[in-house]
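Shown next, in structure tokens, is the structure this report addresses.
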Amino acid sequence: MTNLTGKHNTKLALVVDDSAMQCKVLSVLLKEEGYRVFSANDGARGVKMYIKYKPDLVLMDINMPIMNGYEAARKIKSLSTGTSLCPLIFITSMDTDQAFIESIEAGGDGILVRPFSPEVFKAKIKSIQRISDLYQQVKTLQQEQQQDAELAEKLMSDVIESRNYALDKIGIVKKAAELFSGDIQLSALCPNGDVNILLGDFTGHGLRSSIGAIPLAETFRVMTKKGFTLLEVIGQVNQQLYDLLPPDLFLGAAFVTISSHDESAYIFNAGLPDVYVFSKQGDIKNQIESCHPPMGVLPYLLPDTKLTILPIKITDRVILISEAILKIK
Amino acid sequence: MTVKKVIAENSRNVSIEIEGRFDFSLHQQFREAYSSCNDSGTQFSLELSKATYMDSSALGMILLLKDHAEKVGGDVLINRPSEGVNKILEIAQFHRLMTIKV
């Protein structure tokens with residue numbers, strides 16, 4: 001389990017101020033808040049120490065020799081584009097609008113104007129640390145999500161889709177907005193030489209949308225191989241996904257059997273955009289609309305469920321389109 | 001993008017209106033709009049005339065609302081979906097699952 005708050009680690013603070021006295025005062029207060037503290041007496045040295053120690057917090061004076069606070073802040077902020085937000089607070093006795101505006105423009109996350117009481121200082125540090133912790137949490141979650149998406153993608157390409165049949169006859173165009181869009185395509189050979197094809201789109205994206213993919217692929221392949229009719233395969237897929245998935249997860253899917261010996265296509269569209277049959281010349285011969293809620297929504301197929309049966313030639317093309325394509329159009 | 005909830009005085013008619021994009025980002029707000037409405041026989045009407053977009057997560061959210069309504073012995077009605085949203089509802093054949101008033 002990742003520690004999101006990082007509370008058990010001592011946090012590092014960097015104090016940049018040309019007055020040794022001020023450094024000392026701020027250091028004592030920060031130590032009371034549980035920080036380990038480093039200090040630098042000018043902006044340039046502050047930037048160097050930032051690079052060396054990667055602190056969790058920077059306190060920055062504005063008027064300093066060699067490099068002033070604004071410039072040092074800009075340098076530091078340009079370096080801290082990684083996973084952690086390093087909050088930077090300007091400490092100054094310049095109580096002007098201009099100082100405030102310039103501080104924020106230089107990348108500062110806050111400004112504290114002297115004189116302030118130790119209590120006010122500590123409160124400011126706490127509030128800024130809270131924001132920084134939230135930022136860290138978001139970053140960590142984002143990374144975990146990315147890993148999940150990569151796992152889902154790998155599962156899909158290595159385990160499931162690599163076992164498809166007749167890959168030389170099925171062209172796939174895949175342009176997903178995200179790493180794993182929830183799309184799945186399957187193909188398998190029937191005992192009589194027909195080919196069953198499925199294009200599906202699971203709700204959502206990432207790992208959550210891929211949990212139904214393995215049982216779906218198994219059912220589709222095993223039943224096809226054993227010679228069940230397409231309608232029987234569809235009925236089983238629907239019932240299985242209904243049993244398996246939570247109510248808000250489902251699969252929009254188009255199923256097609258291409259039968260070369262009787263020159264027919266059997267098509268069923270449940271929740272995908274229209275399926276098209278094109279002639280060799282590129283004319284639309286047929287357009288098959290969705291006629292059933294997506295798989296896994298209802299416990300059983302609706303009683304009037306039937307396949308569309310079309311005569312096709314070997315030169316015709318059947319085009320299945322998933323929702324994801326419409327989303328990014 | 002907002003979720004607005006209006007409960008009639010008899011508390012058996014709950015209207016939920018979506019403005020703008022209806023997608024996963026509304027998940028929490030949408031659920032909060034109905035989860036405390038447990039009076040038996042509550043009629044939920046989902047106003048979608050101002051929804052400009054809907055994705056499959058939103059369809060999932062509507063199915064969760066339907067589950068909730070059925071649990072309390074009530075019903076869901078989708079009211080006046082905008083053209084684009086209605087297209088999505090048609091593709092998903094949701095009129096086979098609940099009443100949609102165009």
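Below, chain A is the first sequence line, B the second, and so on; all start at residue 1.
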B:Ser56 (side chain) donor-acceptor with A:Thr203 (main chain) under 3.5 angstrom: no
Nearest non-hydrogen partners of A:His292 and B:Gln93, listed with the distance: N-CG, 3.3 Å
Spacing of A:Asp248 atom CG and B:Leu65 atom CG [to the nearest 0.5 Å]: 12.0 Å
Other residues, nucleotides, ligands: >12 heavy atoms within 6.0 Å of A:Tyr242 OH: no
More than 12 heavy atoms of other groups within 6.0 Å of A:Gln287 CD: yes
Which portion of B:Ile62 sits near chain A, non-hydrogen atoms under 4.5 angstrom: neither
Options A:Pro246, A:Pro293, A:Pro247, ranked by heavy-atom pairs under 4.5 Å with chain B, top entry: A:Pro293
Side chain to side chain contact (heavy atoms under 4.5 Å, CB included) between A:Asp304 and B:Arg96, intermediate numbers included: CA-CA 11 Å; A:Asp304 61 351; B:Arg96 313 285 288 265; 2.8 Å; yes
Other residues, nucleotides, ligands: >12 heavy atoms within 6.0 Å of B:Gln43 CD: yes
Separation of A:Phe250 CZ from B:Leu63 CG (nearest 0.5 Å): 5.5 Å
Residue pair B:Ala92 / A:Pro294: nearest heavy atoms and the distance that separates them: O-CD, 3.4 Å
Side chain to side chain contact (heavy atoms under 4.5 Å, CB included) against A:Lys126, all qualifying residues, sequence neighbours excluded: A:Glu33
